[in-house]
Amino acid sequence: PSAYPFWLDPAPAQWARAGLAKVKNPQINSDLDPVSYFYFWRLWLSMVVSPSMLLGLALTALIFIVSFARLFGSAAVWREPAGASSLLIGFWGMAFEAGVILVFQTLTGQLAWKLGALFSAFLVGAALGALAPFTRRGAVALTEFMALGLSISAAAALKNSSAYGLNTVFIYSVLSLAAAGAISGAYFCCASVISPQKGPGVYARDLAGAALGAFAASAFAVPLWGLKSAFLLSAAAALLSLIIDGKHYLQNLETKDL
């Protein structure tokens, strides 16, 4: 309520209208395509930073994350099983989680303790997934395939999201994040066994990918292309990871080292 006098004052409204009038070919704002958030975010940032500075910060963050990840593996390691894919699965996990949380907030208007429940669901799932008894190369490809399927399913489910009740959205969100966490945990368990660098290297790349995925989904994909783009972006990361590790899997079919 303390913000009402500011937003109802004619001066801020005139400033916002003048700024939004500069937007060329604006998209239609909707629940699943909340472009108004991005327009106002960009408008607000224009008061403190220039577009070139914002782009520079984004590139600096990208370079930092990739450089950080490379500290934990030589070029040869990145070509090994669970090398580059560990960064991609980390990217998938956080992009997917960001998408679920943003969809939940948009459809229900609720956060508070339920946001903590959503985070907890992902982490509990990750802990349970890490107990997976599978440690073969084929199991890594299986977790990546499951990650791809989960992202595509979530994107498809958004078509009928307006028909879901608040409790249904909450239950679906918790279950999807628990499943995503379980997939991430199972992948880490398997990748830590077959990767030349074992756990530390895999975990470092996984966290670097997670940071990049959260940043890309929340700051760029969702504001520009809507909520569904977070799931499509995560699906692309999972597919690329599956292609990379699937190649290693097929190469080892002849040696029976699966």
Side-chain angles (χ1 to χ4, degrees), residues 31-34 37-38 58 61-62 65-66 69 82-107 115 118-126 128-130 139-161 169 172-191 202-246:
D31 285 345
L32 299 182
D33 193 13
Y37 288 119
F38 175 71
L62 176 61
I65 291 171
V66 174
S85 68
S86 57
L87 180 120
L88 289 168
I89 289 298
F91 185 105
W92 165 81
M94 284 306 298
F96 183 86
E97 183 175 3
V100 171
I101 290 175
L102 289 172
V103 167
F104 175 78
Q105 180 185 13
T106 300
L107 295 181
L115 180 61
L118 296 178
F119 280 120
S120 299
F122 184 88
L123 295 175
V124 169
L128 295 176
V140 170
L142 177 61
T143 60
E144 292 162 340
F145 181 78
M146 294 171 63
L148 175 61
L150 185 60
S151 292
I152 294 176
S153 299
L158 286 182
K159 292 183 178 180
N160 301 319
S161 60
V169 173
Y172 281 0
S173 298
V174 169
L175 292 178
S176 62
L177 285 180
I183 292 172
S184 297
Y187 171 86
F188 179 77
C189 178
C190 302
V202 172
Y203 191 48
R205 290 190 294 273
D206 178 83
L207 291 179
L212 185 59
F215 182 73
S218 302
F220 291 99
V222 170
L224 290 174
W225 301 295
L227 294 172
K228 184 185 293 186
S229 65
F231 301 121
L232 297 180
L233 184 66
S234 65
L239 177 60
L240 183 57
S241 179
L242 178 61
I243 292 173
I244 292 173
D245 279 335

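For the atom pair CZ (F215) and CE (M94), the distance works out to 13.5 Å, reported to the nearest 0.5 Å. Interatomic distance, CG of D206 versus OG of S85, reported as 10.0 Å (0.5 Å rounding). Between the CZ atom in F122 and the CD1 atom in I101 there is a gap of 9.5 Å [rounded to 0.5 Å]. One finds the CG atom of L158 at 9.0 Å from the CG atom of L232 (value rounded to the nearest 0.5 Å). The distance from atom CG of L212 to atom CG of L88, rounded to the nearest 0.5 Å, is 9.5 Å. Taken from CG in L227 to OG1 in T106, the straight-line distance is 4.5 Å, to the nearest 0.5 Å.
Here L150 pairs with W92, F96, A179, A180, I183 under the side-chain contact (heavy atoms from CB on, under 4.5 Å) rule; sequence neighbours left out. Considering only residues two or more places apart in sequence or on other chains, F145 meets the ring-ring contact (aromatic ring centres under 6.0 Å, His included) condition with none of them.
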Assess the residue pair W225 and L233 against the criterion (side-chain contact (heavy atoms from CB on, under 4.5 Å)); give the C-alpha distance rounded to whole Å, side-chain angles, the decisive distance to 0.1 Å, and a yes or no. CA-CA 11 Å; W225 301 295; L233 184 66; over 6 Å; no
Pair S153, F231 - check side-chain contact (heavy atoms from CB on, under 4.5 Å), show working. CA-CA 9 Å; S153 299; F231 301 121; over 6 Å; no
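Listed here is the closest heavy atom pair of A98 and A217: CB-CB, 4.4 Å. Taking both residues in full, the closest heavy atoms of L177 and L118 are given as CD1-O, 3.4 Å, listed atom of the first, atom of the second, then distance.
The closest donor-acceptor contact from the side chain of T143 to the backbone of V140 lies under 3.5 Å. At least one donor-acceptor pair under 3.5 Å links the side chain of S176 to the backbone N or O of S173.
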Can I get a per-line list of side-chain donor-acceptor pairs under 3.5 Å for residues 235-243, giving both atom names and the distance, sequence neighbours left out?
| unit_1 | atom_1 | unit_2 | atom_2 | d |
| --- | --- | --- | --- | --- |
| S241 | OG | E144 | OE2 | 2.7 |

